[in-house]
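Notes for the one structure printed next.
In each ligand, atom 1 is the first atom listed, and ligand 1 is the first ligand listed. Hydrogens, waters and symmetry mates play no part in the numbers below; they use all other heavy atoms, side chains included.
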Amino acid sequence: MIEPGALVGALRAAGVDFFTGVPDSLLKDFYNYVLEQVGPEHDLVAANEGAALGLATGHHLATGGVALVYLQNSGLGNLVNPLTSLVDPKVYGIPVLLLVGWRGEPGVKDEPQHVQQGAVTLPLLETLGIPFRHLPASASGLDQEVLSAVQLARERSGPVALIARHGTFSKYSRTGGLPDETAGWMSRESAIGRILEAVEPEAALVCTTGMASRELYELRECRGEGHGRDFLTVGSMGHALAIGMGLARARPQRPVYVLDGDGALLMHLGSLAVAGQRGTANLKHVVLNNGAHDSVGGQPTVALALDLPAVAAACGYRWQARVETEEALGPVLEQWRSSPGPAFLEIRVRRGARPNLGRPTTSPRENKAAFMRFFEV
Ligand SMILES: Cc1ncc(C[n+]2csc(CCOP(=O)(O)OP(=O)(O)O)c2C)c(N)n1
């Protein structure tokens with residue numbers, strides 16, 4: 001295993017001193033180290049992976065330096081456009097180092113949403129013409145590997161990828177130096193439970209990527225309701241709202257509730273504008289805002305500093321509110337349900353989840369079939 005600090009040291013020794021990207025569970029310990037030990041002048045969590053490449057490009061244009069872009073391989077899709085049309089040697093030729101967490105590596109058991117992306121990760125890099133190296137299993141040879149990757153990026157004026165397998169990094173726990181301003185709020189799971197109690201029996205739910213969908217799945221089990229009412233956006237982070245909008249427009253009589261995360265909302269914030277302008281009266285949107293990418297390690301987003309209801313109002317949503325306490329939630333959920341949409345609710349929730357939280361035991365294809373049966377009647 002590699003200590004996160006050893007990789008940061010190797011990167012810095014190779015001249016890399018700007019880190020940006022979107023967090024990933026496999027890179028959690030690396031990123032927790034960066035967060036605490038590198039500091040905000042040299043590190044920025046981007047809205048999405050493509051934006052991270054934009055930041056890395058700006059950094060190079062301003063300083064001549066090579067930045068690190070860290071991502072889960074799921075984020076390669078968000079990267080493809082700026083990889084081919086911005087940083088590629090045939091366009092602007094920007095040297096940049098990618099650190100890619102390889103979920104769904106063939107032969108390693110993983111969730112369904114990672115299987116295909118895992119299988120195509122290396123072929124995709126090959127197709128894109130991006131040289132890649134696997135990070136070594138231990139720190140021996142690491143400095144040389146990183147240095148030669150940075151040199152190659154400079155020589156070819158383009159991206160070079162370092163691939164991190166499951167279990168590459170040793171544990172790094174944050175020392176607790178960062179205050180958790182969310183500690184006093186309700187849990188995400190209780191908020192989802194309250195939403196389930198409030199919505200109509202015929203309502204369809206579209207839930208965002210990460211632990212929210214796992215919590216919703218378990219709540220349905222506890223309530224003995226089956227899973228047909230819920231579409232779990234297990235991959236495709238940031239697109240729950242677009243999926244919900246597609247449903248709501250196709251069936252205007254049917255209430256559709258989108259359960260979003262703040263990281264996911266920010267990833268494709270443009271959908272908020274389209275929902276505000278073109279969303280139908282049956283579209284209800286809630287953001288469970290914990291100011292973090294909680295599902296992959298709790299790395300901060302900028303969302304707690306935003307007035308999200310004001311953003312939704314500016315986009316054209318017809319109703320909007322924010323709730324911070326469980327006591328205030330009941331009447332607000334009632335208004336949200338009964339107000340014509342598009343209607344936007346922000347619920348401030350604390351970080352963290354139950355340690356014994358399970359995962360869906362039915363497959364995405366089974367869930368899709370059950371959902372379509374439920375939605376057609
Ligand atoms: C395109 C893409 N990038 C990164 C990930 C990894 N990922 C899964 S869940 C998650 C965090 C989601 O954060 P948020 O929407 O705020 O919800 P929370 O986990 O805080 O409930 C991330 C980054 C992903 N699945 N897809």
Out of [options], who is nearest to [atom] when you count heavy atoms only?
atom	options	result
atom 22 (C) of ligand 1	Q117, M211, M237	M237
atom 21 (O) of ligand 1	R214, H293, H268, R188	R188
atom 14 (P) of ligand 1	G291, G21, G263, G352	G263

Please state which protein non-hydrogen atom is closest to [atom] and give its distance, to 0.1 Å?
atom	result
atom 19 (O) of ligand 1	S295 OG, 2.5 Å
atom 20 (O) of ligand 1	A292 O, 2.7 Å
atom 4 (C) of ligand 1	E49 OE2, 3.4 Å
atom 24 (C) of ligand 1	Q72 OE1, 3.4 Å
atom 17 (O) of ligand 1	G261 CA, 4.0 Å

If you count the atoms of ligand 1 from 1 in the order shown, which ones are under 4.0 Å from a heavy atom of [X]?
X	value
A264	14 (P), 15 (O)
D294	18 (P), 19 (O), 20 (O)
M267	1 (C), 3 (N)
N78	1 (C)
G75	1 (C)
P23	6 (C), 23 (C)

Just distances here: any N/O of T301 and N/O of ligand 1 closer than 3.5 Å?
->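 There is no such contact.
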Nitrogen or oxygen of N290 less than 3.5 angstrom from that of ligand 1 |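 Yes.
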Min heavy-atom dist Q299 to ligand 1 below 4.0 Å =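 The answer is no: ligand 1 sits nowhere under 4.0 Å from a heavy atom of Q299.
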Is it true that D262 lies under 4.0 Å from ligand 1, counting heavy atoms only?
-> yes
How close do [X] and [Y] get, counting heavy atoms only, and between which atoms?
X	Y	answer
S190	E326	CB-OE2, 3.6 Å
H42	D17	ND1-O, 2.9 Å
I94	L86	CG1-O, 4.3 Å

Under a 4.0 Å N-O cut-off, is there an ion pair linking [X] with [Y]?
X	Y	result
K171	D29	yes
E376	R251	no
E202	R254	no

Just heavy atoms, cut-off under 4.0 Å: does [X] contact ligand 1 by side chain, backbone, both, or neither?
X	answer
A212	neither
Q113	neither
V296	side chain
S25	neither
N48	neither

Kindly state whether the ring of Y31 and the ring of Y70 have centres lying under 6.0 angstrom apart.
->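 Yes, they do, as the ring centres are separated by less than 6.0 Å.
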Checking side-chain polar atoms at under 3.5 Å, does [X] have a donor or acceptor matched by the opposite partner on [Y]?
X	Y	answer
T362	Y217	yes
N289	E346	yes
E366	H227	no
H285	D260	yes
Q37	Y172	yes

Angle class for the F344/Y317 ring planes (parallel below 30°, perpendicular above 60°, tilted otherwise)?
-> perpendicular
L124 pairs by side chain to side chain contact (heavy atoms under 4.5 Å, CB included) with which of L128, L122, T121?
-> L128
